S.K.: 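Please see the structure below; I have some questions.
The shown structure was predicted, so the numbers you read here are calculated from the model rather than taken from an experiment. Residue numbers begin at 1 in each chain, while the letters A, B, ... track the order of the sequences.
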Amino acid sequence: MAKNETDAKQALHIISMLVEDKFGVLQRISGVFSRRGFNMDSLTVGATTTPGVSRMTITTRGTDERVEQIVKQLSKLVETLKVSELSPDDSVSREIALVKVSVKDFATRSEVLSYADIFRARVVDVAAKSLTIEITGESTKVDAFIDLIKPFGIKEVVRTGICALQRD
Amino acid sequence: MAKMKGAKAVVEALKKEGVTTMFGFPGGANMPIYDALIEEEKNLRHILVRHEQGAAHAAEGYARASGTTGVCMATSGPGGTNLLTGIADAYLDSVPIVAITAQVSSHLIGGDAFQEADLFGLTMPITKHNYKILDAQELPKVFKEAFALTRLGRPGPVAIDIPKDVLNTMIEFNYPKGELKIPGYQPQLIGHPEQIKKAVDMIVAAERPLILAGGGIIASNAHQELVALAEALFAPVTTTLMAKGAISDLHPLCLNQPGMHGRVVANWAIQNCDLLICIGARFDDRITGDPATFATNAKIIHIDIDTAEIGKNVRVHLPIVGDAKSILTEMLKMLANVKYTKGENEWRKRIKELKRECTCDFNLKGNPIKPQKVIWELNQLMPKDGILVTEVGQHQMFAMHFYKAPGPRQFISSGGLGTMGFGLPAAIGAKAAKPDKTVVDLAGDGSILMVNQEFTTSVEHDLPVAAVVLNNNWLGMVKQWQKLFFEKRYSGTNLGKMPNFVKLIEAYHGKGERVERESEVHDALQRALKTDVAFLLDIVTDPEEDILPMVPAGGRLDHMILGKPCPKI
């Protein structure tokens, strides 16, 4: 398979949804993915300003046609109120990661802190042998930070998955 | 506003929805509903099936014969899981049914209680929508919404799971009046005028138009508009299995069914038309074969009420989303105001020719009895308003190919899911909906044994249907594939020592006959069709007779394995 074909198949898609806040809604949505053998890269859910309505943001990889079919099937669900695919160019997206990194001595500690500073990340917990750093940004920025910190020894990392909104 | 128990509210809700017949089976958890049914014996007929799968299929048969929502009910656990096949069948064939299941009491849910199964989770992927009622006060609204959803937009099954304690809770019964607003489900019903205009332009420009009609025509009651369009354009029509009868199989423009076991003329027409107008069909793989080689000479207009069907399986040049009846009505209005020629041309001549050659004489004489011969006799003997229901397999394809369905809702078959065991209970359901019509279940000897306990239902509830069994002692369709694609290595398909079917139906207090000679088919079939009690006609047929032509799975529609009488294309 040619590289650009592989890329097209693996293209990242961001799906944004308004859903009714009812039990089972997540199972309905994940069912649309799983029966087609699709994986969700990330999933975030949270309240909106309308009581009873939540916003869900899902990222997935696949061909445009397959993802379009998923979007249509999601739209058909009775408990989804609005489903749209966000284009990365016309939307803003953010992700938070908490990274617990080992710091053996003072030198590494100050080196890690300087990287955190460059990335505008914040230290949220300090322990004798580790620092926990919160970093917010687009996923690529979070990726870059984690790569940079890796050589110091990452003990644990947790990422929220992205949340995104269409630009006006 | 009346106060009543949840169980009583279920029954009241069914009455509000105009339900007069339901199919079900009792058990521990749904007993409160059965208790409430006693007072309503006169208004709401409960038909006791003998296996819950039968209840779901009977509800489907009822819905498909009547055009209204069918209702089935089961208890928690195994009762509900037994319904699943029927619900999945209704999902794939877009049949409006409501499936009510009881659940163990709320405080027991999740504790692996006796007869507990997560029916809400199990029915979710095979329903249009489903509910678990945890707050008894919501019961009336849920029922109102459920019934509306079965028919709104693309029809389909809806399941409602109700814990036993909810059935015993006192509620204020306040049934919502008028149309309910369902914010998350607002299908587009009216076709976009610009799209319809574009379609008319394409139609006028086409030299070789073909209409492919699907089950959506019947769901939308658009059969008259379909015939009007075909006649206005002088365009041939091919109907899917689900649409068989939407235009009479006897209509001069009808090419019958296309696809894997379709007619040569229908498949030829699809491959050679320059415009394919698909209405309410979903380009199933049994219709298209290899989608990349499907109708490559044609522009495709796809009319469907379900946006998700557009572009799902084949490329479409012009989609129109909306209700078939309303779109066809608009289209006919526009066509009345434009000039176009619809005269004889090479295309129509060739179609006529092929259609004539395809009308093979299948009044086959001699023994062993050919399955086609039985269908030929059925065509002679079925009353004009009779309903033919089928099981799934070779006999079903023989019926699709050779039976002449005169009108909509007169041919009922499991299309999408292909469920063996569908036919007998669906026929009983159809008979319950249309008690004065002759209802025949055409069956294979494999299928009929999957559900034969429902003969009891037929006898007990005075719903006489005739099962005509094409008995070749094989699972014929699988055998045919083994013959064609597995070098005749027959595995698991010989049915061996089968029961004595006449004794079997007599044990059920019905009547039966066995026919081994071709000369006896006509008279025996006549007696079967006139029966006043469940009837089983056991016709011994030729096990070597395959259903041809055939397009091998995933093949090209114009690369068919032809039968002896098939025209060459």
Side-chain angles (χ1 to χ4, degrees), chain A residues 5 8-9 11 13 15-40 43 45 47-58 60 62-85, chain B residues 88 91-92 94 106 109-110 118-135 138 141-142 145-146 148-150 152-161 180-188 282-283 291 304-316 319 321:
Chain A
E5 235 178 281
K9 280 201 192 330
H13 297 263
I15 299 168
S16 176
M17 280 183 280
L18 290 173
V19 306
E20 287 187 58
D21 182 17
K22 289 185 176 167
F23 66 84
V25 68
L26 180 59
Q27 192 180 347
R28 290 180 203 285
I29 288 164
S30 65
V32 169
F33 284 80
S34 64
R35 77 169 273 207
R36 291 169 177 80
F38 266 57
N39 199 14
M40 295 180 191
L43 163 71
V45 195
T48 63
T49 51
T50 314
V53 175
S54 300
R55 163 91 57 187
M56 218 180 254
T57 312
I58 294 173
T60 188
T63 62
D64 291 354
E65 296 76 29
R66 296 276 283 165
V67 173
E68 188 192 330
Q69 180 59 214
I70 281 180
V71 168
K72 283 176 173 175
Q73 295 293 346
L74 290 170
S75 307
K76 253 165 72 170
L77 296 176
V78 174
E79 287 169 358
T80 56
L81 303 172
K82 195 173 172 224
V83 184
S84 50
E85 202 191 327
Chain B
Y91 187 54
L92 277 190
S94 307
S106 307
I109 289 179
D118 176 15
L119 296 174
F120 179 65
L122 285 164
T123 57
M124 191 178 281
I126 53 170
T127 49
K128 190 170 161 185
H129 192 54
N130 69 344
Y131 300 88
K132 174 152 73 180
I133 303 180
L134 295 178
D135 175 1
E138 291 207 332
K141 183 176 168 266
V142 165
E145 200 173 278
L149 278 173
T150 60
L152 181 62
R154 179 177 182 171
V158 175
I160 308 173
D161 196 34
L180 202 63
K181 199 167 179 295
I182 307 171
Y185 193 78
Q186 295 178 322
Q188 189 180 331
R282 59 185 172 85
F283 298 105
D304 207 287
I305 201 157
D306 182 356
T307 316
E309 287 303 338
I310 306 293
K312 187 180 84 176
N313 295 334
V314 301
R315 85 234 177 282
V316 168
V321 175

S.K.: What part of L18(A) lies closer than 4.5 angstrom to a heavy atom of chain B: side chain, backbone, both or neither?
M.R.: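 Looking at L18(A), nothing touches chain B.
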S.K.: Can you tell which part of I310(B) gets under 4.5 Å to a heavy atom of chain A, answering side chain, backbone, both or neither?
M.R.: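 Both parts, backbone and side chain.
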S.K.: With sequence neighbours left out, write down each residue that passes ring-ring contact (aromatic ring centres under 6.0 Å, His included) with F120(B), or none if nothing qualifies.
M.R.: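 Scan of F120(B) (ring-ring contact (aromatic ring centres under 6.0 Å, His included), adjacent residues dropped) gives F23(A).
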S.K.: For chain A against chain B, print all donor and acceptor atom pairs separated by less than 3.5 Å.
M.R.:
unit_1	atom_1	unit_2	atom_2	d
R28(A)	NH1	N130(B)	OD1	2.7
R28(A)	NH2	N130(B)	O	2.9
R28(A)	NH2	N130(B)	OD1	3.0
Q69(A)	NE2	A308(B)	O	3.2
K72(A)	NZ	I310(B)	O	2.8
K76(A)	NZ	D306(B)	OD2	2.6

S.K.: Considering residues at least two apart in sequence or located in another chain, which fulfil the ring-ring contact (aromatic ring centres under 6.0 Å, His included) criterion with F283(B)?
M.R.: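 Listed in chain order: F294(B), H302(B).
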